[in-house]
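Here the structure comes first, spelled out in structure tokens, and everything after it is commentary.
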Amino acid sequence: MIHPSAIVHPGAKLAPDVQVGAYTIIGEHVEIGPGTSVGPHAVITGHTRIGCANRIFQFVSLGEIPQDKKYGGEPTRLEIGDHNTIREFCTFNTGTAQDAGVTRVGDHNWIMAYVHLAHDCQLGSHTVLANLVALAGHVAVHDHVILGGAAKVHQFCRVGVHAFVAGGSIVLRDVPPYVMAGGTNSAEPHGINTEGLRRHAFSPSAIESIRRAYKVLYRAGLGFEQAKHAIAEQVRETPELQVMVDFLASSTRGVVR
């Protein structure tokens, strides 16, 4: 299962059925779970733990040190869950001591070629990151998010559940749950992700309530604090809005406008 030309450190912990392609290098502190395949010419290093049934393609770099001048050699980590597809030339760095010390990827993510996850990024599950997406340090992307090709997310920004960011967009503020955003200068809101919500079996009434909440946030002429309070009052009738209320309450960068 391991190509003779691959270099696997004796200290690495690989499940018996892990496949490793030609000329791949796997470092001492790497752990890889069962059913995972790693293509040729990949480099997996650092304190990196990879779960089961992942497909990792050729020429990726996983677990390299952060591109952060403050990094002082601390044993920070990269953790990747299960059933992820990671395509060619992706680069995922480990975390930094200034944050939680870990860059984390959840489960069932579809990550296309040339995607970069900088230090301390937190990527949820069931996301789609198209080609050339780049996440700066400390970015959080929540579950069921789609980021279009070449989208860029500024450090410390968050993208909420079921949000959609158009290709080529520059995200400089938080994108709330359910919101569609786009813009090459600074992403702006463009309605809710109706099609995505339908695909994930949201009821018509829930979608309509989310649409009303969007209008409260962006169309009613309310201040941010007033809008948050108004949306919170709708949670009892529409529990799906709780994630939006929590997201808005914890925003430190402000939301796209």
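When reading the values below, keep in mind they use all heavy atoms of this one structure, side chains included, and skip hydrogens, waters and symmetry mates.
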_Checking the side chain of Gln242 only, and the main-chain atoms of Ala232 only, is there a donor and an acceptor separated by less than 3.5 Å?_
no
*In chain order, what residues pass the side chain to side chain contact (heavy atoms under 4.5 Å, CB included) check against His190, with sequence neighbours excluded?*
Glu188
_Nearest heavy-atom neighbours spanning Asn84 and Asp107_ = OD1-C, 3.5 Å
*If we only count heavy atoms from C-beta on, is the Phe164 to Val175 side-chain gap below 4.5 Å?*
no
*Indicate the atoms forming the closest heavy-atom contact of Ile111 with Cys90, along with that distance.*
CG2-SG, 3.9 Å
_When you measure from the side chain of Asp120 to the backbone of Thr96, do you find a donor-acceptor pair of N or O atoms at a distance under 3.5 Å?_
yes
_Is there a continuous path of hydrophobic side-chain contacts, each under 4.5 Å between heavy atoms, that joins Leu123 to Met112?_
no
_Looking at every non-hydrogen atom in both residues, tell me the closest pair between Gly27 and Ala12 and how far apart they are._
O-CB, 3.3 Å
*Could you give me the CA-CA distance, side-chain angles and deciding distance for His108 and Thr85, then say whether side-chain contact (heavy atoms from CB on, under 4.5 Å) is met?*
CA-CA 7 Å; His108 296 279; Thr85 295; over 6 Å; no
*All salt bridge (Lys or Arg N to Asp or Glu O under 4.0 Å) counterparts of Asp143, not counting sequence neighbours*: none
*Using side-chain hydrogen bond (donor to acceptor under 3.5 Å, both in side chains) as the criterion, list what pairs up with Ser5, not counting sequence neighbours.*
His3
*asked:* Within this structure, what is the CZ-CZ distance for the pair Phe57 and Phe89, rounded to the nearest 0.5 Å?
replied: 13.0 Å
*Test side-chain hydrogen bond (donor to acceptor under 3.5 Å, both in side chains) applied to Gln226 - qualifying residues, sequence neighbours left out*: none
*Return yes when atom CZ of Phe224 has more than 12 non-hydrogen atoms of other residues, nucleotides or ligands closer than 6.0 Å, and no otherwise.*
yes
_For Thr36, side chain to side chain contact (heavy atoms under 4.5 Å, CB included) partners two or more places apart_ = Ile32, Val38, Ile50, Asn54, Ile56
*Shortest non-hydrogen contact from His138 to Asp99?*
ND1-OD2, 2.7 Å
*Does Thr24 reach the main-chain N or O of His41 with its side chain, forming a donor-acceptor pair under 3.5 Å?*
yes
*Residue pair Ile26 / Val20, side-chain heavy-atom distance below 4.5 Å*: yes
*Going by heavy atoms in the side chains, are Val105 and Ile86 under 4.5 Å from each other?*
no
*asked:* Leu197 vs Tyr178, test: side-chain contact (heavy atoms from CB on, under 4.5 Å). Steps then yes/no.
replied: CA-CA 8 Å; Leu197 298 179; Tyr178 312 124; 3.5 Å; yes
*Got a donor-acceptor contact below 3.5 angstrom from the Ser169 side chain to the Val165 backbone?*
no
*According to the ring pair (Phe, Tyr, Trp, His ring centres under 6.0 Å) rule, which pairs have a member within residues 229-257, sequence neighbours left out?*
His142-Phe247
*Name all pairs fulfilling the side-chain hydrogen bond (donor to acceptor under 3.5 Å, both in side chains) condition that reach into residues 208-222, sequence neighbours left out, sorted by first residue then second.*
Thr194-Arg211, Glu208-Arg211, Ser209-Arg212, Ser209-Thr238
*Under a 4.5 Å side-chain heavy-atom rule over Ile, Leu, Val, Met, Phe, Trp and Tyr, are Val161 and Val256 clustered together?*
yes
*Chi angles and distances behind the salt bridge (charged side-chain N to carboxylate O under 4.0 Å, His left out) call for Arg104, Glu79*: CA-CA 5 Å; Arg104 185 174 288 111; Glu79 296 180 356; 3.5 Å; yes
*Is a donor on one side and an acceptor on the other found under 3.5 Å between the side chain of Lys13 and the backbone of Gly11?*
no
*Any link between Val235 and Val243 through a network of hydrophobic side chains (Ile, Leu, Val, Met, Phe, Trp, Tyr) touching at under 4.5 Å?*
yes
*Does the side chain of Tyr71 come within less than 4.5 Å of Lys69's, by heavy atoms?*
no
*If you group Ile, Leu, Val, Met, Phe, Trp and Tyr by side-chain heavy-atom gaps below 4.5 Å, do Phe156 and Val255 land in one group?*
no
*Can you sort out the partners of Lys228 under salt bridge (Lys or Arg N to Asp or Glu O under 4.0 Å), two or more places apart, ordered by chain and number?*
Glu225
*Ile65 CD1 to Glu74 CD distance, which is reported to the nearest 0.5 Å*: 10.5 Å
_Using the side chain to side chain contact (heavy atoms under 4.5 Å, CB included) definition, which of the options Leu132, Thr91, Asn131 pairs with Tyr114?_
Leu132
*Heavy-atom distance under 4.5 Å between the side chains of Pro176 and Leu217, does that happen here?*
yes
*asked:* Tell me whether the rings of His200 and His162 are parallel (<30°), tilted (30 to 60°) or perpendicular (>60°).
replied: perpendicular
*Keeping the roles fixed (side chain from Asn109, backbone from Gly124), state whether a donor-acceptor pair exists under 3.5 Å.*
yes
*Could you list all the salt bridge (charged side-chain N to carboxylate O under 4.0 Å, His left out) pairs where at least one residue sits in residues 153-174, not counting sequence neighbours?*
Arg158-Asp174
*Calculate, to the nearest 0.5 Å, the distance between atoms CE and CG belonging to Met1 and Leu14 respectively.*
10.5 Å
*Has the side chain of Thr94 got a donor or acceptor atom that lies under 3.5 Å from a matching backbone atom of Arg77?*
no
*Is there a path of hydrophobic side-chain contacts, each under 4.5 Å between heavy atoms of I, L, V, M, F, W or Y residues, that connects Val153 with Met180?*
no
*Minimal non-hydrogen separation, Thr76 against Gly101, with atom names*: CB-O, 3.3 Å
*How far apart are the C-alpha atoms of His83 and Arg55, what are their side-chain angles, what is the distance that settles it, and do they pass the side-chain contact (heavy atoms from CB on, under 4.5 Å) test?*
CA-CA 7 Å; His83 299 280; Arg55 293 199 305 159; over 6 Å; no
*Are any of the side-chain heavy atoms of Val43 and Leu62 separated by less than 4.5 Å?*
no
*Quick one: salt bridge (Lys or Arg N to Asp or Glu O under 4.0 Å) partners of Lys70, sequence neighbours excluded?*
Asp68
*Pair listing, salt bridge (charged side-chain N to carboxylate O under 4.0 Å, His left out) test, anchored in residues 234-243, at least two apart*: none
*asked:* I'd like to check the salt bridge (Lys or Arg N to Asp or Glu O under 4.0 Å) partners of Arg87; sequence neighbours left out, ordered by chain and number.
replied: none
_Contact between Leu78 and Val102 at the side-chain level, heavy atoms closer than 4.5 Å - yes or no?_
no
*So how far is it from Ile207 CD1 to Phe202 CZ, rounded to the nearest 0.5 Å?*
8.0 Å
*Can you measure from OG1 (Thr45) to CD1 (Ile25) and round to the nearest 0.5 angstrom?*
9.0 Å
*If you round to the nearest 0.5 Å, how far is CG of Leu129 from CG of Leu147?*
4.5 Å
*So do the side chains of His144 and Val128 get within less than 4.5 Å of each other, counting heavy atoms only?*
no
*Which heavy-atom pair separates Val171 from Cys157 by the least distance, and what is that distance?*
O-SG, 4.0 Å
